[in-house]
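Atoms considered below: every heavy atom in the structure, side chains included; atoms not considered: hydrogens, waters and symmetry mates. Computed from a prediction, not measured in an experiment: that's the story for all the values here. Convention: sequence-line order gives letters A, B, ...; per-chain numbering from 1.
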Amino acid sequence: MAAEATSRSARSGTGWQGLVLPLLLPSWLVIGIFMLVPVALMAVYSFLTKDFRGGIVWQFSLDAYDQFFVERGLFGDEPPLPNWTYITIFWRSIWQAGLATLLCLIIGFPTAWFIATRNPRHRALWVFLITVPYWVNLLIRTVSMRFLLRDHGPFNEMLMAIGLIDSPLRIINTDLAVQIGLFYSYLPFMVLPIYAAVERYNFALSEAARDLYAGPWTVLREIVLPTVKPGIVAGCILVFVPSLGAFLAPDLLGGARTYMIGSLIDEQFRGSAGNWPFGSAVAMILLTMVLAVLLWQVRVATREKR
Amino acid sequence: MAARTDIRRYMGFGALTALCLTVLYVPLIVVAVYSFNASRSITAWGGFSTHWYVDVFVGPEAPIFRAAAWNSISIAFLASTAATVIAVAAAVAMVRGGRFRGRQTSFAIISLPLMVPEIVIAVATLIFFTTIGVRTGYGTILIAHITFCIPFAYLPISARLQGIEDTYELAARDLYATRWQAFRLILLPLMMPGVISGWLLAFIISLDDFIITNFVKGAGMETLPTAIFGSVKQGIKPNIMAISTLMLAVSVIFVTLSYLINRIGQKAR
Amino acid sequence: MGLVQTEKLGNCGSLQREAVGIKRVVKCYGSFEALKGVSLSIADNEFFTLLGPSGCGKTTLLRSIAGFEDVTEGEIALYGLDIAALPPEQRPVNTVFQQYALFPHMSVRENVAFGLRMKGVAQAERQARAAEMLEMVHLSEFGDRLPSQLSGGQQQRVALARALAPRPRVLLLDEPLSALDLKLRQAMRVELKQLQETTGITFVFVTHDQEEALAMSDRIAVMSAGEVQQVGDPRTIYEAPVNRFVAEFIGETNVLPVTVSDVSAGRARVALAGCRDLIAQAPEDLSPGAHHVSIRPERLSLADGGEADLTARVERVVYLGTDLQLLACLPNGASLTVRLQNTARTSLPLQGQELGFQIEEGAVRLLVD
């Protein structure tokens with residue numbers, strides 16, 4: 001069917017070819033003007049000079065990046081040293097996001113597998129169950145988690161009621177609470193792409209491997225995981241990327257010491273204490289990291305396809 | 001014995017699935033339950049009451065919530081409708097346009113709002129509106145929402161369109177329909193489940209957005225999420241739980257609708 | 001006999017009106033040439049089949065006539081009118097699609113009436129014609145159903161009714177029977193042919209199934225690799241294939257290497273290693289030398305020593321019910337397939353047995369490679 005297949009994908013007949021430009025123009029314009037241009041403008045801002053009272057001066061400066069990476073003392077007269085303050089915040093964000101990704105994978109993969117091996121008629125319902133929390137307002141979900149984990153919240157009350165603990169556990173305002181929040185926020189993002197991959201998995205491969213003397217866990221490691229890897233990579237990225245720039249979980253569940261990138265950026269744009277060029281620079285660094293991760297994924301995905 | 005040889009079965013996977021669903025649902029259920037708590041204290045259970053729901057509508061904070069709800073819903077309606085129209089056009093071009101130059105780039109542009117972190121979009125949009133001298137408020141929220149809703153509307157629509165063979169349109173053209181008639185009478189009705197699904201999801205995404213809205217809303221302008229956030233900052237009050245439960249219900253209803261429409265669409269094929 | 005037939009039909013063709021005229025049509029997808037300068041003349045009121053294997057360009061050609069593909073070069077004329085530049089909705093041809101492409105959200109009746117509606121036919125007449133069409137395909141009571149509520153065979157009839165309702169000048173059929181099971185397919189062959197005869201509409205039928213093509217067509221164009229290999233009525237195509245591709249694609253045949261010694265008046269003397277010289281039907285311009293001949297398996301019969309044209313050793317006997325298929329080996333090592341009718345008198349040959357075979361008069365055809 002080579003020729004026929006080619007002709008079908010070329011689709012000479014439906015007559016939309018001539019209209020591609022006008023049909024695409026609205027999306028290009030809207031996203032171009034209200035997203036691409038703003039991001040470019042933000043890049044420009046990161047090289048401007050900050051004014052007092054949170055304003056900016058249109059004058060080129062590397063102050064924002066300098067502030068991020070270099071420590072020059074309170075009055076800028078000491079010998080330059082690496083500034084660990086912000087790098088530490090980034091490092092903590094990466095660590096928290098990475099840990100959340102790992103946790104999501106440990107829980108998400110078995111869940112995806114379990115759902116994909118259900119009776120096909122019930123599968124859609126299982127997927128639906130995973131999807132519902134995904135579409136529920138993230139703010140409300142985070143508030144709910146905060147309510148649940150409070151010192152005298154239902155979780156602690158329940159543990160005390162069954163006598164496991166005498167006094168409430170301090171969970172809220174700790175790194176642990178942020179971790180739980182990230183894990184909880186993005187768990188559906190892990191399950192869904194892995195499910196999509198496992199659903200397409202040919203279970204005859206498992207049978208063949210078992211037939212050739214592999215045990216169930218060997219089959220999982222040697223056959224299943226490599227086969228569904230693109231789904232796993234997609235899931236990890238869908239968890240890692242938003243976790244990295246998360247704002248709500250650290251803000252509502254964490255305390256002063258659990259600062260993440262999102263809060264750092266947010267703070268630069270609040271009131272007169274703000275520093276727009278610095279905030280833009282931090283956002284640019286975050287964006288660069290995220291795009292690097294996405295590019296890596298695209299490369300992995302295209303390599304897998306070949 | 002049968003269970004031991006079932007290649008699909010792994011020990012503990014069922015338990016982890018149960019854990020996954022517990023983690024996902026318990027916080028929501030707990031809040032929903034406590035929203036019916038009669039007690040003013042949010043910790044102790046004081047019996048069943050719908051008091052806080054009444055409070056949401058007629059209590060001291062009711063005017064704020066009512067205004068915020070109106071803003072949220074009207075913005076979500078307008079933004080999702082605009083985004084859906086734009087997404088339908090884009091999907092037709094991408095799926096039916098054959099191989100054209102810039103196809104990859106177009107796809108990257110459409111999915112850009114999914115790739116850029118929300119906080120970055122928020123900052124960039126604020127900078128943009130400030131620089132061009134537009135006062136932030138209802139209009140800026142609406143524009144920002146239309147922009148980031150496009151890919152959410154686009155994905156279900158293009159998925160649906162990809163599943164519709166082009167022979168239906170060819171058959172219509174063959175039977176003397178013009179391109180526009182073939183679109184209106186054949187393609188659009190066949191795409192409809194995807195279009196509705198895309199609209200519903202865009203609506204929910206818009207209704208849910210906090211971070212971007214918080215940046216571009218301007219002073220004195222609130223949507224439901226920003227109003228809730230502002231209130232939660234001073235501690236979780238029972239009326240917040242009631243309003244959260246209401247929003248939860250709206251989300252669940254919308255997602256269920258979207259799910260059912262997609263299923264009906266699949267059956268009809 | 002075959003040659004005479006071709007000539008006669010050639011004459012007829014020039015007398016009749018031309019329905020579809022295809023001249024030097026080329027279609028390229030990038031560097032791939034799907035059609036390499038195809039020329040065909042399809043007569044009015046003809047059941048014309050485009051036959052060939054997957055990827056031979058037959059579907060591309062049909063879609064070009066329908067207007068779904070823009071041809072790279074060449075002309076397509078419909079009753080003398082050049083239609084190459086017209087969009088599909090302005091061409092007075094209709095198509096029956098391979099998977100029918102019935103509009104899933106419209107009832108059967110709405111589907112059938114769709115073309116008339118688009119042409120602006122008034123409601124009353126539309127309904128009357130749709131009813132008439134449904135009657136014609138024996139589906140009158142199914143008008144209110146959705147296509148998904150019909151069986152495959154019924155959907156096929158709806159697709160036919162829908163394409164015929166606007167009374168096209170030419171009906172294009174793109175492997176319409178391929179989705180049906182064998183029994184239904186065989187029944188539909190007869191029905192399609194009858195429909196073509198009663199409506200008097202020119203049918204252009206695309207298939208890869210040679211049996212289907214032979215059963216229904218007035219004429220067949222055998223295509224391969226974007227080119228027309230041979231055009232002729234079923235009998236000519238089967239009995240007088242012009243080249244090796246046609247001989248091997250249509251039916252079962254033995255292609256054997258031979259040496260041609262002299263050619264005259266459409267006949268040639270050929271030498272097949274290990275048997276007596278044979279007289280073969282040959283094209284006029286054939287030069288002596290090494291060539292191939294085609295011998296259909298059913299044109300061979302068992303013969304005793306003196307009468308046998310060739311002898312072969314039986315390697316396997318396949319019992320097929322109505323026929324026996326012998327897979328045999330010629331003295332030079334070439335394999336030979338023979339089909340014998342399974343009559344009461346036929347005794348099963350034994351494996352390893354040396355048998356003599358007689359070749360029917362005129363059954364040896366020289367092939368151009």
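- The side-chain heavy atoms of B:T167 and C:Q99, taken from C-beta on, include no pair separated by under 4.5 Å.
- Nearest heavy-atom pair, B:I186 versus C:F114, reported as atom, atom and distance to 0.1 Å: CD1-CE1, 3.8 Å.
- Sorted by first then second residue, the salt bridge (charged side-chain N to carboxylate O under 4.0 Å, His left out) pairs that include residues 144-153 of chain C, not counting sequence neighbours, are C:R109-C:D144.
- The 12-atom threshold is exceeded at CZ of B:F100, counting heavy atoms of other residues, nucleotides or ligands nearer than 6.0 Å.
- Remark: side-chain polar atoms of C:N94 are paired, donor with acceptor, to backbone N or O of B:D174 under 3.5 angstrom.
- In this structure, B:Q104 places its CD atom where only 12 or fewer heavy-atom neighbours from other residues, nucleotides or ligands lie under 6.0 Å away.
- A search for salt bridge (charged side-chain N to carboxylate O under 4.0 Å, His left out) contacts involving C:R126 returns nothing, not counting sequence neighbours.
- Comparing C:P92, C:A163, C:G115 by how many heavy-atom pairs each has under 4.5 Å with chain B, the most go to C:G115.
- Neither the backbone nor the side chain of C:L172 comes within less than 4.5 Å of any heavy atom of chain B.
- Shortest non-hydrogen contact noted between C:M118 and B:Y176 is CB-O, 3.4 Å.
- Few gaps surround CD on C:E132; more than 12 heavy atoms of other groups in view lie less than 6.0 Å from it.
- When every heavy atom of C:M106 is checked against every heavy atom of B:L185, the shortest pair comes out as CE-O, 3.7 Å.
- With a 4.5 angstrom heavy-atom cutoff, B:A172 touches chain C via backbone and side-chain atoms both.
- The number of heavy atoms from other shown groups lying within 6.0 Å of OH (B:Y138) is above 12.
- Summarising the geometry of B:A177 relative to C:E89, their closest heavy-atom pair is O-CB, 3.2 Å, with the distance given to 0.1 Å.
- In terms of heavy atoms, B:Y168 sits closest to C:L102 at CE2-O, 3.0 Å.
- Looking only at side-chain heavy atoms (C-beta outward), B:L170 and C:P88 stay at 4.5 Å or farther from each other.
- Atom OH of B:Y25 is surrounded by more than 12 heavy atoms from other residues, nucleotides or ligands within 6.0 Å.
- For a residue to count as touching a neighbouring chain, one of its non-hydrogen atoms must lie under 4.5 Å from one of that chain's; by this rule C:R117 touches chain B with the side chain only.
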